[in-house]
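Since the model is a prediction, treat every value here as computed from it, not as a measurement. So that the names make sense, note that chain A is the first sequence line, chain B the second, and so on, each numbered from 1. Every heavy atom of this structure was used, including side-chain atoms; hydrogens, water molecules and symmetry mates were not.
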Protein chains: 2
Amino acid sequence: MNVEKIIKTDKQIPITSRTIIHLSLVETKINEMMTAALKPHGVSLQQFNVLRILRGQKGKPANLSTLNERMVTKMSNTTRLVDKLILKGYVERMVCPSNRRKVEINITSNGESALSLMDLAMKETEEKLLENFSTDDLRSLNDLLDKF
Amino acid sequence: MNVEKIIKTDKQIPITSRTIIHLSLVETKINEMMTAALKPHGVSLQQFNVLRILRGQKGKPANLSTLNERMVTKMSNTTRLVDKLILKGYVERMVCPSNRRKVEINITSNGESALSLMDLAMKETEEKLLENFSTDDLRSLNDLLDKF
DNA sequence: TCCATACATTTGTATATACAATTGTTGTAA
DNA sequence: TTACAACAATTGTATATACAAATGTATGGA
């Protein structure tokens, strides 16, 4: 990645700040590429994540709280995220019969097939992003990230 | 950092995806902490970055394009970011006399003193974030991030 | 039973951001 | 000089997000 931005900013910037900025630039790049890959499929990165979590449930419905726990977003957004997916016909929502405060969310078969197409696009993007990484690199990176 | 989210999501998730998710979680954490640190000062992370870039100019005014080059945001937002900072009295904007298409932006002395307070808060946050990192760790992390 | 409390989700509102279209300015070739 | 393309910034609009407040539901104790 081009880190000119970082270096240009300030020659004597300490390594701590540089690392933080570097991380944020990398994250932005990842986000942009992922978002671009999903664009033809008409879903946002967050919506894609919801779908993926729902598939991981293997039929067992998820309620909003569990969705939220596994996601990097705030509760109030999750409601609206799911709204969008319902409009697209990718998920369905119904009140939980045993506890009517809860809402059960399921992926539809329509959603599953759309998701498998998205998977392909995302896999490609992921490979492109990580083309310069060996498996050892990935392991070290994960270990370092664990220190946060 | 707590990576349970990642591991819970899917046991057999490949290391490539895991790394990407991991990065995005770390970035979210950084963002949240930084934003929280700036909150008492009434500026957003982006606004803080603009101020910092302007200070780096050492008196030389910056126009919107150069600000934009060094930032992780879109041009249209930079205009509005600067609007906010003007409202707070931290920067001033005037039309460039030599090329009236351009706009020159300067940090005010008011902005400089506010910025130095923010610096302290940010430095603390940075130290807290990176408390588990040795200098070597930081170097390796930077090197790995360069591979993106 | 009634009430206070906690829970799960939703809604309202302000702000942030992306993307496209627009405005105003400059340079340049006919 | 005029017409046109390129440039720099701004505005409009749709969507996304954060945060606080509100809604509806369940639970436990007086």
Side-chain angles (χ1 to χ4, degrees), chain A residues 24 27-50 61-88 91-106, chain B residues 24 27-50 53-54 61-88 91-106:
Chain A
S24 129
E27 215 282 326
T28 303
K29 182 182 178 181
I30 292 175
N31 236 298
E32 278 173 3
M33 286 186 64
M34 295 292 198
T35 304
L38 287 173
K39 191 155 197 189
H41 301 274
V43 297
S44 71
L45 194 47
Q46 301 277 40
Q47 290 173 20
F48 172 73
N49 282 330
V50 171
N63 57 42
L64 274 190
S65 306
T66 44
L67 265 187
N68 204 56
E69 267 170 35
R70 301 195 184 172
M71 289 191 40
V72 190
T73 183
K74 292 283 144 58
M75 195 59 176
S76 56
N77 303 328
T78 314
T79 301
R80 290 183 253 236
L81 269 174
V82 170
D83 288 343
K84 305 280 166 57
L85 290 171
I86 289 173
L87 280 179
K88 286 169 185 135
V91 308
E92 44 191 17
R93 164 167 53 190
M94 41 184 190
V95 176
C96 171
S98 67
N99 185 341
R100 290 177 45 215
R101 282 173 300 184
K102 292 190 185 179
V103 160
E104 288 183 340
I105 296 144
N106 271 300
Chain B
S24 129
E27 215 281 327
T28 303
K29 182 183 176 180
I30 293 175
N31 237 298
E32 278 172 3
M33 288 186 63
M34 297 291 198
T35 305
L38 288 174
K39 191 156 196 187
H41 302 275
V43 297
S44 71
L45 193 48
Q46 300 277 38
Q47 289 172 24
F48 171 74
N49 281 331
V50 171
I53 292 171
L54 288 176
N63 57 42
L64 273 190
S65 305
T66 43
L67 266 186
N68 204 57
E69 268 170 35
R70 301 196 186 173
M71 289 194 40
V72 190
T73 183
K74 292 283 146 57
M75 193 60 177
S76 56
N77 302 330
T78 313
T79 301
R80 290 185 253 236
L81 270 174
V82 170
D83 288 343
K84 305 280 165 55
L85 290 171
I86 289 173
L87 280 179
K88 287 169 186 133
V91 307
E92 45 192 16
R93 164 167 53 192
M94 44 181 187
V95 175
C96 171
S98 66
N99 184 343
R100 290 178 43 217
R101 283 173 298 184
K102 291 190 185 180
V103 160
E104 288 183 341
I105 296 144
N106 270 302

Inset, instruction - Please report the C-alpha distance between A:Met71 and A:Leu81 in whole Å, then the side-chain angles of each, then the deciding distance to 0.1 Å, and finally whether the side-chain contact (heavy atoms from CB on, under 4.5 Å) criterion is met. - result: CA-CA 11 Å; A:Met71 289 191 40; A:Leu81 269 174; 3.8 Å; yes

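With hydrogens and angles ignored, the 3.5 Å screen pairs no side-chain donor or acceptor of A:Asp83 with any backbone N or O of A:Ile86.
Note: CG (A:Leu64) to P (D:dT25) measures 16 Å, nearest angstrom. Atom CD in B:Glu69 sits roughly 13 Å away from atom C1' in D:dC7 (whole-Å rounding). Atom C1' of nucleotide D:dG12 and atom CE of B:Met75 are separated by 17 Å, given to the nearest angstrom.
Rounding to the nearest 0.5 Å places CE of B:Met75 at 9.5 Å from CD of B:Glu69. The structure places CZ of B:Arg93 at 10.0 Å from CG of B:Leu85, a figure rounded to the nearest 0.5 Å. Atom CG of A:Asn63 and atom NZ of A:Lys102 lie 5.0 Å apart (nearest 0.5 Å).
In this structure, the side-chain contact (heavy atoms from CB on, under 4.5 Å) partners of A:Arg100, at least two apart in sequence or on a different chain, are A:Val95. Under the side-chain contact (heavy atoms from CB on, under 4.5 Å) criterion, B:Glu104 pairs with B:Pro61, B:Met94, B:Cys96, B:Pro97, sequence neighbours left out.
Comparing A:Gln47 and A:Arg101 along DNA chain D, the residue whose closest nucleotide (by nearest heavy atom) sits nearer the 5' end is A:Gln47. A residue-by-residue look at A:Thr35 and A:Glu104 shows that A:Glu104 has its nearest nucleotide of DNA chain C further toward the 5' end. Nucleotides of DNA chain C nearest to B:Lys84 and B:Ser76 differ in position, and the one nearer the 5' end is that of B:Lys84.
No side-chain donor from either of A:Ser65 and A:Asn68 sits under 3.5 Å from a side-chain acceptor of the other.
Boundaries of the chain B contact region on DNA chain C are C:dA16 to C:dT26, first to last in 5' to 3' order (nucleotide atom under 4.0 Å from a heavy atom).
Nearest heavy-atom pair across B:Thr73 and B:Asn77 is OG1-ND2, 3.2 Å.
Among the protein residues, B:Thr78 comes within range of no part of the nucleic acid, since none of its heavy atoms lies under 4.0 Å from any strand. Within 4.0 Å (heavy atoms only), B:Ser65 reaches sugar-phosphate atoms of the nucleic acid but no base atom.
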Mind listing the side-chain donor-acceptor pairs of residues 35-47 of chain A below 3.5 Å, one per line with the distance, residues two or more places apart or on another chain?
residue	atom	partner	partner atom	Å
A:Thr35	OG1	A:Asn31	O	2.6
A:Ser44	OG	A:Gln47	N	3.2
A:Gln47	OE1	A:Lys88	NZ	2.8

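Rounded to 10°, the angle separating the first-five-pair axis and the last-five-pair axis of the helix from C:dT1-D:dA30 to C:dA30-D:dT1 equals 10°.
A heavy-atom distance below 4.0 Å to DNA chain D is reached by these residues of residues 92-100 of chain B, ordered by number: B:Arg93.
A:Val82 places a side-chain heavy atom less than 4.5 Å from the side chain of A:Leu67.
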